[in-house]
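In what follows, a structure is listed as C-alpha cells, so that the remarks can point back to it.
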Protein chains: 2
Amino acid sequence: MVVVVLSKAGVYGLRAATYLAMQPSDEYVPISNIADDLRISFHFLTKVLQSLTQVNMLKSFRGPKGGVTFARPVAEISVYDVVVAIDTDSMFRECILALPGCSDQSPCPLHADWQQIRKRVRTLFKETSLADMAAQVKTKKLRLSDIGPSMLKS
Amino acid sequence: MVVVVLSKAGVYGLRAATYLAMQPSDEYVPISNIADDLRISFHFLTKVLQSLTQVNMLKSFRGPKGGVTFARPVAEISVYDVVVAIDTDSMFRECILALPGCSDQSPCPLHADWQQIRKRVRTLFKETSLADMAAQVKTKKLRLSDIGPSMLKS
DNA sequence: TTAATTTGAGACCAATTACTCTTAAATAGC
DNA sequence: GCTATTTAAGAGTAATTGGTCTCAAATTAA
C-alpha cells in the first residue's frame, strides 16, 4: 500500500498511548495490562511500544512493578509524535499519485489539493495531545477498545 | 495496513485512467501502450484495469486494434469512481482508530475530526473528474509518470 | 540466591498485497 | 483457416506487514 494514514501498528500504538495517558503519570504500567484491557496482542503491542521507548517518548522498567510510562507530560506529546514514531512521516510528505519528486515545481494533477488535505491531517494530529485524547475518553466515556463504551477504570 | 487512502493498484489505476482520459474517446488503447508510457508493469496494470471494466467504467476489445476505452464521457467519471472500483470505499467509512462500530453514537476520541477530513477527501475525489485530471496534465504539462514533466503526446 | 515478573531483541510464521507468468478466448488481417 | 495481437482469468511467486514465540536481561521480593 502506498498512501497510508495509519498502519495497524500505528493504530494500536495510538490506542495504547491514549490508554496510558489516562493512568497516573508517576507509575509504570505493565504492557500486559494495556494489552488485556484494549484486547491487543501482548507481544505485538510490546514491539509497537518499543518504538516509542526508543525515541524516548516512553520510559520502561523491567521486573516486578515494572512497565512503561511517559517520559514527559502527556499534554506535551501529540498524536503526531506517536504516529510518526511508529509509521514515519511519509503520509505527511508523499504525493497521492506516489510520483517521486512531485512538488510545487513539478506537480501531479492533484498536488495542490492533496497537499491541503495532508496539512489538515497533520494539523489535527499535531494539535491533539495525548492529554486531549485521554480527557475525551474520560469525560465523554468514549471508546478505546472494540468492546463498546470504555470499560476502563478512571 | 489499516487506514489506507490508496493502494498501489489504486495509484496505478488513477494514473492510467488519467492517461486514458487524455486520448481520443473513440478509440481503443492497448493496455501495453499505457503501461509502456507510464512505466507500469503491463500484467499488473491489466489486472487493475480489469476491475474498471468489470464495473463497466471501461469497455475492452480483444485482438488486433483492441484495447480499452471509457464506456462513458470522462467528464462524468470521477476520481472517486476509479478509486472505489479498485480499493473499495473503506477509507471513506472507517474510523481512524479502526474501532468497529465507531459512530456518532459511540465515537472514538478522533471521530468528529477524522470524519471531517474523510469528507474532504471524498469531496475532492468526487468533484474531480477524469476530464479535469486530463486537462490539468495537458494544459499545465504536469507529471503522470515517474520520468519528469509529462512526455505524453497530447 | 532463587523464583517470579517484567521489558528487549530477534527469530520465526502467517496473512496480505504486489507483481509475474501461463494459458485461453476473441478478433483482425492475410 | 492461420497467425498475430490483444484482453481475461487465474495460478503462482515475491515482498511487506502483521503477529507469535523464545530466550535473555533486569529487577523485585522472599
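Every heavy atom of this structure was used, including side-chain atoms; hydrogens, water molecules and symmetry mates were not. A note on names: the letters A, B, ... follow the listed sequences, proteins ahead of strands, and every chain is numbered from 1.
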To the nearest Å, give me how far apart [atom1] ([X]) and [atom2] ([N]) are.
X: B/Leu45; N: C/dC19; atom1: CG; atom2: P; value: 11 Å
X: A/Ile31; N: C/dG8; atom1: CD1; atom2: P; value: 6 Å
X: A/Glu27; N: C/dT6; atom1: CD; atom2: P; value: 13 Å
X: B/Ile86; N: C/dA18; atom1: CD1; atom2: C1'; value: 14 Å
X: A/Gln50; N: C/dA11; atom1: CD; atom2: P; value: 14 Å
X: B/Arg62; N: C/dT23; atom1: CZ; atom2: P; value: 17 Å
X: A/Leu49; N: C/dT6; atom1: CG; atom2: C1'; value: 14 Å
X: A/Lys8; N: C/dT16; atom1: NZ; atom2: C1'; value: 11 Å

Result for 5'-nearest mapping on DNA chain D, choosing between B/Lys47 and B/Ser32, is B/Ser32

Practice prompt. Let me see the working for B/Val74 and B/Met22 under side chain to side chain contact (heavy atoms under 4.5 Å, CB included), right down to the final yes or no.
Written response: CA-CA 9 Å; B/Val74 289; B/Met22 295 170 65; over 6 Å; no

Please check this pair: side chain of [X] against backbone of [Y], looking for a donor-acceptor N/O pair closer than 3.5 Å.
X: B/Arg118; Y: B/Arg93; value: yes
X: B/Thr69; Y: B/Ser25; value: yes
X: A/Arg120; Y: B/Ile117; value: no

(Q) Working note: B/Val11 + B/Leu14, criterion side chain to side chain contact (heavy atoms under 4.5 Å, CB included); need CA distance, chi angles, decisive distance, verdict. (A) CA-CA 5 Å; B/Val11 166; B/Leu14 241 193; 5.9 Å; no

ask   = Touch check for A/Tyr28, heavy atoms < 4.0 angstrom, all strands: base, sugar-phosphate only, or nothing?
value = nothing

When B/Gly63 and A/Phe42 are each assigned the nearest nucleotide of DNA chain C, the 5'-most assignment goes to A/Phe42

Judged by nearest nucleotide, the residue sitting upstream toward the 5' end of DNA chain C, B/Ser41 or A/His43, is A/His43

Tell me, with the steps shown, if B/Val3 and B/Glu94 meet side chain to side chain contact (heavy atoms under 4.5 Å, CB included). CA-CA 8 Å; B/Val3 184; B/Glu94 279 174 17; over 6 Å; no

In this structure, OG of A/Ser129 is separated from CG of A/Asp81 (nearest 0.5 Å) by 10.0 Å

In the 5' to 3' direction, the nucleotides of DNA chain D bounding the stretch that comes under 4.0 Å of a heavy atom in chain A are D/dG18 to D/dT28

